[in-house]
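See below for the structure under consideration.
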Amino acid sequence: MKRALATAMATALLSGAMGSAVFAAEPSLEINACELLTPADITAAIGLPVDQGRRQDEGMSRDGQYSSTCFWTIEPGKAPDQTAPGRGRRFVILNAQRWPAGRDMAKKFLQAFHESADQGVIANQPVPRKFGDEALWWGDGLAVRKGDVSFGLSVFMPKRGEARTSALEEKLAPQILKRLDRKTAV
């Protein structure tokens, strides 16, 4: 449970690292994390069913970014394994942010992972990955930026191990990027 909470907390802290006062959303900046992945995408990548997902947005922040989170429970009808780390809770979480155009804030979002590792907030030094304009694996998830959008994606499955969940997140990232490209083209 501690790792699950740490993962969720780190993602939330990093997404709000630039400020968190909520304002009315500008329609052009709003993003919906639950529209960037489907339950079918996730099931195909991880090999297990997930629920429909629950959206929880922070909305517009002081620095002008819109933040949206979607949380999917893996095997929602199955009782958690009480002997597993995190009490057997298994989930996928996607936190997506759309930043004001041309201010390099999505780049600063990824830089915050390096700073957090240097300060001991997250345990691992980020490792570069090849997605979007820039991506990194930070030990408990994948962080990606493309243009003025950034997202953090974590698959939490106790007993699967870090390398296994990294591979799952890397299967899902292209789906998110495709949907972002479609939304940008509209």
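Quantities reported herein were computed from a predicted structural model and do not represent experimental measurements.
Checking side-chain atoms of Asn124 against main-chain N and O of Pro126 turns up no donor-acceptor pair under 3.5 Å. Looking at Ser68, its side chain does come within 3.5 Å of a backbone N or O of Ala33 through a donor-acceptor pair. A donor-acceptor pair under 3.5 Å links the side-chain atoms of Ser154 to the main chain of Asp140, judged by distance alone. Using a distance-only test at 3.5 Å, with no hydrogens or angles considered, a donor-acceptor pair links the side chain of Glu169 to the main chain of Val155. Using a distance-only test at 3.5 Å, with no hydrogens or angles considered, a donor-acceptor pair links the side chain of Asp51 to the main chain of Thr73.
The shortest side-chain heavy-atom distance between Phe151 and Asn95 does not fall under the 4.5 Å cut-off. Proximity of Lys107 to Glu134: side-chain heavy atoms (C-beta onward) are separated by under 4.5 Å at one or more points. Contact annotation: the side chain of Asp57 approaches that of Tyr66 to within less than 4.5 Å [non-hydrogen atoms, C-beta and beyond]. By the 4.5 Å heavy-atom criterion applied to side chains, Leu177 and Val144 are counted as neighbours. Within the 4.5 Å cutoff, the side chain of Ile74 has no heavy atoms near those of the Arg89 side chain. The closest side-chain heavy-atom distance from Trp99 to Val149 is not below 4.5 Å. Here the side chains of Phe156 and Ile93 are not in contact, with every heavy-atom distance at 4.5 Å or above.
Comment: Asp148 does not engage Arg145 in a salt bridge, judged by the lack of any side-chain N to carboxylate O separation of less than 4.0 angstrom. Salt-bridge formation is detected for the pair Arg55/Glu30: a Lys NZ or Arg NE/NH1/NH2 atom is positioned less than 4.0 Å from an Asp or Glu carboxylate oxygen. Between Arg129 and Glu170 a salt bridge is recorded (basic side-chain N to carboxylate O distance below 4.0 Å).
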Side chain to side chain contact (heavy atoms under 4.5 Å, CB included) assessment of Leu94 paired with Leu172: CA-CA 10 Å; Leu94 172 63; Leu172 293 168; over 6 Å; no

Step-by-step side chain to side chain contact (heavy atoms under 4.5 Å, CB included) determination, Leu36 to Gln175: CA-CA 7 Å; Leu36 297 177; Gln175 299 300 322; over 6 Å; no

Side chain to side chain contact (heavy atoms under 4.5 Å, CB included) evaluation trace for Leu136 with Val127: CA-CA 5 Å; Leu136 57 84; Val127 179; over 6 Å; no

CA sep, side-chain torsions, deciding dist, call: Asp118, Gln125, side chain to side chain contact (heavy atoms under 4.5 Å, CB included): CA-CA 8 Å; Asp118 291 345; Gln125 282 295 326; 3.2 Å; yes

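The CE atom of Met60 sits 10.5 Å away from atom CZ of Arg98, with the distance rounded to the nearest 0.5 Å. To the nearest 0.5 Å, atom CH2 of residue Trp72 and atom CZ of residue Arg54 are 10.5 Å apart. For the atom pair OG1 (Thr69) and CG (Asn32), the distance works out to 10.5 Å, reported to the nearest 0.5 Å.
Listed by chain and number, the residues in a ring pair (Phe, Tyr, Trp, His ring centres under 6.0 Å) with Phe71 are Phe91 (sequence neighbours excluded).
Side chains of Gln97 and Ser150: a donor on one and an acceptor on the other come within 3.5 Å.
Pairs passing the salt bridge (Lys or Arg N to Asp or Glu O under 4.0 Å) check and including a residue from residues 64-73, sequence neighbours excluded, do not occur.
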Validation: residues 37-47 side-chain donor-acceptor distances under 3.5 Å, sequence neighbours left out:
| residue | atom | partner | partner atom | Å |
| --- | --- | --- | --- | --- |
| Thr38 | OG1 | Ala40 | N | 3.4 |
| Thr38 | OG1 | Asp41 | N | 2.9 |
| Thr38 | OG1 | Asp41 | OD1 | 3.3 |
| Thr38 | OG1 | Asp41 | OD2 | 3.2 |
| Asp41 | OD2 | Thr38 | N | 3.0 |
| Asp41 | OD2 | Arg179 | NH1 | 2.5 |
| Asp41 | OD2 | Arg179 | NH2 | 3.0 |
| Thr43 | OG1 | Pro39 | O | 3.0 |
| Thr43 | OG1 | Leu48 | O | 3.3 |

